[in-house]
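The block underneath contains the structure these notes are about, expressed in structure tokens.
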Amino acid sequence: MTAVLVINSGSSSFKYQLLEMDSETMLAHGLVERIGTPEAHLVHDMSENGESEKFEKTLEIRDHTHGFQVMLDAFAEHGPSLEQHPPVAVGHRVVHGGARFFEPTVVTPLVRINIEDLSELAPLHNPANVQGIDAAQKAFPDVPHVVVFDTAFHQTLPPAAYTYALNAEVAQKYRVRKYGFHGTSHKYVSEEAAKFLSRDLGSLNQIVLHLGNGASATAVAGGKSVETSMGLTPLEGLVMGTRTGDIDPAVSFHLHRRADMDVAELDELFNKKSGIYGLSGLRDMRDLTEQANAGNAKARAAQDVYVHRLKQYIGGYYAQLGHVDTIIFTAGIGENSVEIRREALAGLDELGIVVDDARNEARSRETRVISSDESRVTVLVVPTNEELEIARQTLSVI
Ligand code: ADP
């Protein structure tokens, strides 16, 4: 049996998942959060035969290294045993790989320095990812550690797609270009769709809509990302839970001049206080749709803005690709929201896109088609699994 441990580390938390890779099944997963406080929290979930059993604990956790010790204790006390399932490698999600990293990479001291160097582009994420790598290397010193970048899948974007029409000297000096994110998910679901349809990935043009708290769209041609909605940072593109997505950059000049907002305030406003939440006061799509359906005008307006932007990207990517075979919905909203899927694709019959209402409304955790048999474009819901994709890519390089 071949086990891989996958780590997704934030600044005060990390998620982990142990996978058995011969059958590609999850053995256990968990979350350590509020690291650095006396009230840190561990949730350790041991799934067996589809039955999940949870262990939770609140305690002081000093730092990430301590957090990994607490995780190891949970495995030892509650299973599954890491002696029976010793990880052959640890895979780490890293947010920003810049233009340097385009494939999964074994961690060396130089790779670590390069990830730190890219903190300039992802100041909140890369340092936290490095903290996770350092702590995990102490906990698992004898196995290779591999980094899988959110940006890597988008390194195939052509220059016309990744270049901003910004002064070229400035752009080059400060590494300003579109990088794109959620790449692990876009890659995974576009490949799963091809398998599900028994089609050659190389022959498919796909539009992938990853709609979670963060949201992005990608045009995938022959398995390669050719356009994507997130940019230098994850702020660009679709309307998100708390992020604006696309907005005239001059809004920030205006707010700086008129409201005396500084960079930190603008960053917080655009990233944390806007999007669905900023429009309606609600962050969760379930609540938004429920309120919109109950006649709450603000909620309805916010959902309309969300859908309008989504449709704009679907149309834009359709034009970029010229021909579209599949449209894929994934992540929390994409996998679950009947309303968002219906509204985003409403009225597109002329483009060969026809959603079947009964198929769209059927609940399932499996990959499924929701377009009608007459629809020229096949519309699918494909549950994403970023941890499995990270584990696959980790195994591919060791
Ligand atoms: P993250 O980007 O944090 O990984 P997820 O992919 O888990 O986010 O997606 C979170 C979003 O999915 C939330 O907005 C949540 O409301 C939405 N969501 C989850 N379940 C449903 C559901 N049944 N119907 C509509 N939206 C849902």
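Not measured: the values here are computed from a predicted model. Numbering of ligands and ligand atoms starts at 1, following listing order.
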Handout entry: Heavy-atom protein neighbour under 4.0 angstrom from atom 4 (O) of ligand 1
Key = no

Completion exercise
Sorted by chain and residue number, the salt bridge (Lys or Arg N to Asp or Glu O under 4.0 Å) partners of Asp304 (sequence neighbours excluded) come out as Arg300

Handout entry: Identified ring pair (Phe, Tyr, Trp, His ring centres under 6.0 Å) counterpart of Phe55 within the set His44, His29, His78, His41
Key = His78

Problem - Identity and distance of the protein heavy atom lying nearest atom 14 (O) of ligand 1 - result: Met285 N, 3.3 Å

Exercise for the section: Looking only at protein heavy atoms, identify the closest one to atom 6 (O) of ligand 1 and say how far it is in Å. Expected result: Gly332 N, 2.9 Å

Problem - Heavy-atom nearest neighbour in the protein, as seen from atom 11 (C) of ligand 1, with distance rounded to 0.1 Å - result: Ile333 CG1, 3.7 Å

Problem - Residue selection (non-hydrogen contact nearest atom 24 (N) of ligand 1) among His210, Arg283, Arg286, Glu339 - result: Arg286

Problem - Residue and atom name of the nearest protein heavy atom (relative to atom 15 (C) of ligand 1), distance in Å to one decimal - result: Asp284 OD1, 3.5 Å

Handout entry: Nearest heavy atoms of Leu18 and Pro87, plus distance in Å
Key = CD1-CG, 4.3 Å

Practice task
Could you point out which residue of His186, His96, His210 forms a ring pair (Phe, Tyr, Trp, His ring centres under 6.0 Å) with Phe181?
Solution key: His96

Practice task
Would you name the heavy atoms of Ser229 and Ala215 that are closest together and state the gap between them?
Solution key: OG-O, 4.5 Å

Completion exercise
To atom 20 (N) of ligand 1, the nearest of Asn213, Ile340, Asn336 on a heavy-atom basis is Asn336

Handout entry: Non-hydrogen atom of Gly214 closer than 4.0 Å to ligand 1
Key = yes

Problem - By salt bridge (Lys or Arg N to Asp or Glu O under 4.0 Å) - contacts of Glu60 (at least two apart) - result: none

